[in-house]
Amino acid sequence: MMHRYISLSLLPLAGAMFSALAAPPPAAPPPPTAPSAAKTQAPNLHPKDPTPLSPGELQAAIDRGVAFLVKNQNKDGSWGSAGKTKQLNIMADVGSQHAFRVAVTALCVSALIETGPNTTEAKQALDRGAAFLYEELPKVRRDNETLIYNIWTHGYGIQALAHLYGRLPKDDKEGRHKIEDLIRGQYDRLTRYESAEGGWGYYDFDAGSQRPAASSTSFMNAAVLEAFYEAKQIGVPPPEKLVKRSVAITRQQRLPDFSYLYGTYLWQVPTMGINRPGGSLGRSQACNLALRLWGDKTVTDQVLKTWLDRLITRNGWLDMGRKRPIPHESHFQVAGYFYYFGHYYASMCIHQLKPEDQPFYQDHLGNILLAVQEKDGSWWDYPLYNYGQYWGTPMAIMSLERCRK
């Protein structure tokens, strides 16, 4: 009988969580502690000067990644599948599989757009992927009362639609209206599936209610908020209430050193490994970026630099979790699927810095990603059915694109 592991249900953390939740908690978490600039400083963590990134090597890696995506696109224009089943897959029914496939397709479409496809095959793959998104995004729904993986799809779907919008000629009013309507449809889904506390989670183990009682997760909030920001830039602003509530709960999940709780449900154990800097390496980049984009003045350039320094010098904490099949089994309860996620949002953080500060971090990030590219041109960090290569590869490609000087 197949064992069904619950990704992100923190199996390695069960004992600690049990103790933390034994006593009745207060009605709500306390207000967030004001971040302290001094506490963001990590002594002796500034990296040494990087090896300059070779433009030719960078381009070759991106080209191999794009070639992998083109070669492995499904006939219907999507990427990924429910194949490669194993004894350690997370629970996911038909609706979840559909959500996963549409989500990774959105990421692949965004990556092909950002690379500016320079071959006929890549352009055709992009067009097929876009057609699939136009058809399938409106159909994505919550799987059941427990599984809400579709939040990822709505977030990355909005991001891909914003990219597609930018490809259209300004006089293509029909095409632009179509994309605008699709984005508003994703806003509607995110309104329906917003957690009762604000923000979004992807499991509702508490009530299974129509309005999810899910614990908000900081990194999911961050991914959605970043997508919201991109949509706002093309003139399709998200519902103000959704933004305010998501920003508020994400700030509440922030610790004084700009680590972020994995989810609100861990607020009583802020010093637990997963919530400490080593466990937050894959989250802090995305959360800092999202809050800064939406006006949080406490996320200064120094905060971004400190966390980029942490990511580089302590990259081993993320790397030791890469490719491990059981979620959160590594040090600091790091799960494999945070690897490319963390580097992807780190690449966006770099572009928030002053131009003169960017090359140092671009060289470091580029060298890290070039070293872990697979022989077939892909990147992957966690075996989730047949989807891992199709979020790892586009995230790595887009990260490397931002390492160009």
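If you read the sequence from its start, that first residue is 1, and numbering goes on from there. Computed from heavy atoms alone, side chains included, the values below leave out hydrogens, waters and symmetry copies.
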(message) Less than 4.0 angstrom from a charged side-chain N to a carboxylate O is my criterion; do Arg101 and Asp76 meet it?
(response) yes
(request) Return yes if a side-chain donor-acceptor contact under 3.5 Å exists between Tyr387 and Gln97, otherwise no. (result) yes
(request) Indicate whether any N or O donor in one side chain lies under 3.5 Å from an N or O acceptor in the other, for Gln253 and Thr264. (result) yes
(message) Ring centres under 6.0 Å, that's the criterion: do Tyr390 and Phe68 meet it?
(response) yes
(request) Look at atom CD of Glu174 and say whether more than 12 heavy atoms of other residues, nucleotides or ligands are closer to it than 6.0 Å. (result) no
Side chains of residues 396-405: which donor-acceptor pairs under 3.5 Å do they make with residues two or more places apart or in other chains?
residue	atom	partner	partner atom	Å
Ser399	OG	Met395	O	2.7
Glu401	OE1	Arg404	NE	3.0
Glu401	OE2	Arg404	NH2	3.1
Arg402	NH1	Ser347	OG	3.4
Arg402	NH1	Met398	O	3.3
Arg402	NH2	Glu114	OE1	3.2
Arg402	NH2	Glu114	OE2	2.8
Arg404	NH1	Gln59	OE1	2.9
Arg404	NH2	Gln59	OE1	2.6
Lys405	NZ	Asp363	OD1	2.4

(message) Less than 4.0 angstrom from a charged side-chain N to a carboxylate O is my criterion; do Arg142 and Asp204 meet it?
(response) yes
(request) Please say whether more than 12 non-hydrogen atoms of neighbouring residues, nucleotides or ligands are located less than 6.0 Å from CZ in Arg276. (result) no
(message) Under 4.0 Å between a side-chain nitrogen and a carboxylate oxygen: does that hold for Lys305 and Asp309?
(response) no
(request) Decide whether His343 and Gln285 meet the rule of one side-chain donor and one side-chain acceptor closer than 3.5 Å. (result) no
(request) Could you tell me whether Asp301 and Lys354 make a salt bridge, using a distance below 4.0 angstrom between a side-chain N and a carboxylate O? (result) no
(message) Is the terminal nitrogen or CZ of Arg176 (NZ for Lys, CZ for Arg) located under 6.0 angstrom from the six-membered ring centre of Tyr165 and within 45° of that ring's axis?
(response) yes
(request) Using a strict 4.0 Å threshold on nitrogen-to-oxygen distance, state whether Asp181 and Lys178 make a salt bridge. (result) no
(request) Flag the pair Tyr149 / Phe100 as yes when their ring centroid distance falls below 6.0 Å, and as no otherwise. (result) yes
(request) May I ask you to say whether Asp381 pairs ionically with Lys323, meaning some side-chain N is under 4.0 Å from a carboxylate O? (result) no
(request) Output yes when a side-chain donor or acceptor of Thr119 lies under 3.5 Å from a complementary backbone atom of Ala122, and no otherwise. (result) yes
